[in-house]
Amino acid sequence: MAVEVGGDGYSIGIRTGYLVASSSMIYAKVSYQMRNFEYEHSNSYVPDDELVSGSLSQDEDFSGLGIGIGAEQQFEQIPLALRVEAMLIEYDDEEVGDEMLNRTYDADDPFKTVDISDDEGSSATPTEVNVNLQAVYRF
């Protein structure tokens with residue numbers, strides 16, 4: 001089984017902080033995240049004493065809450081700030097791998113197929129950790 005993060009997703013968040021100096025802030029952040037993950041699952045079946053394998057690839061959308069901490073330093077002479085932030089996102093549980101795999105298993109007869117049932121029908125609860133370094137330009 002392999003899980004790969006897709007490119008689609010969004011987040012919305014709110015942060016609250018404390019000024020430790022006139023141009024430095026530390027903060028805490030809470031966010032709601034949605035991400036697309038690709039789930040790949042393999043299974044095998046032995047019809048007529050022949051091993052048949054198949055794999056199934058599914059896209060699943062996961063959503064969850066994230067919590068994080070960060071720090072921001074605003075430069076006084078230029079309208080630029082540097083921000084470092086760490087986030088932990090716990091996504092909700094989703095059922096994955098509950099589809100049938102239909103594969104050809106006889107090279108001489110391409111129409112001879114077998115359904116490979118994924119009886120496991122497992123669930124996935126991804127966790128994502130992000131550490132970002134950002135440069136923020138203020139107009």
Show, in sequence, the C-alpha distance, side-chain angles and deciding distance for Arg138 and Gln74, and conclude whether the side-chain hydrogen bond (donor to acceptor under 3.5 Å, both in side chains) test is met. CA-CA 10 Å; Arg138 302 189 190 276; Gln74 175 72 45; 2.8 Å; yes
Derivation and outcome, side-chain contact (heavy atoms from CB on, under 4.5 Å), residues Ile78 and Tyr137: CA-CA 9 Å; Ile78 56 175; Tyr137 184 81; over 6 Å; no
Verdict with reasoning, Glu72 to Ser24, per side-chain hydrogen bond (donor to acceptor under 3.5 Å, both in side chains): CA-CA 6 Å; Glu72 184 172 324; Ser24 300; over 6 Å; no
Between Thr127 and Ile89, is the side-chain contact (heavy atoms from CB on, under 4.5 Å) condition met? List the steps. CA-CA 6 Å; Thr127 299; Ile89 303 105; over 6 Å; no
Step-by-step side-chain contact (heavy atoms from CB on, under 4.5 Å) determination, Met25 to Tyr18: CA-CA 6 Å; Met25 178 178 70; Tyr18 176 74; 5.8 Å; no
Can Ser63 and Tyr32 be said to form a side-chain contact (heavy atoms from CB on, under 4.5 Å), step by step? CA-CA 7 Å; Ser63 60; Tyr32 174 79; 3.1 Å; yes
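Linking ILVMFWY residues whenever their side-chain heavy atoms come closer than 4.5 Å, directly or via other members, places Tyr10 and Ile12 in the same cluster. Leu65 and Met34 fall within a single hydrophobic cluster, where Ile, Leu, Val, Met, Phe, Trp and Tyr side chains are chained together by heavy-atom contacts under 4.5 Å.
Within 6.0 Å of atom CD1 in Ile14, 12 or fewer heavy atoms from other residues, nucleotides or ligands are found, so the atom counts as exposed in its surroundings. Enclosure of atom CG in Leu88 by more than 12 non-hydrogen atoms of other residues, nucleotides or ligands within 6.0 angstrom is indicated.
In this structure, Arg83 CZ and Leu133 CG are separated by 11.0 Å, a value rounded to the nearest 0.5 Å. Taking CZ from Phe62 and CG from Asp93, the interatomic distance works out to 8.0 Å, rounded to the nearest 0.5 Å.
Contact detail for Met87 and Gly66: the closest heavy-atom pair is CE-C, 3.8 Å. Taking every heavy atom of both residues into account, Glu76 and Ser23 meet most closely at OE2-OG, 3.8 Å.
There is no side-chain donor-acceptor pair under 3.5 Å between Gln33 and Tyr91.
With sequence neighbours excluded, the residues forming a salt bridge (Lys or Arg N to Asp or Glu O under 4.0 Å) with Glu85 are Lys29, listed by chain and number.
For the pair Val84 and Asn132, the minimum side-chain heavy-atom distance is 4.5 Å or more.
Remark: Arg15 is positioned above the aromatic ring of Tyr27, its terminal NZ or CZ atom under 6.0 angstrom from the ring centre and at most 45 degrees off the axis.
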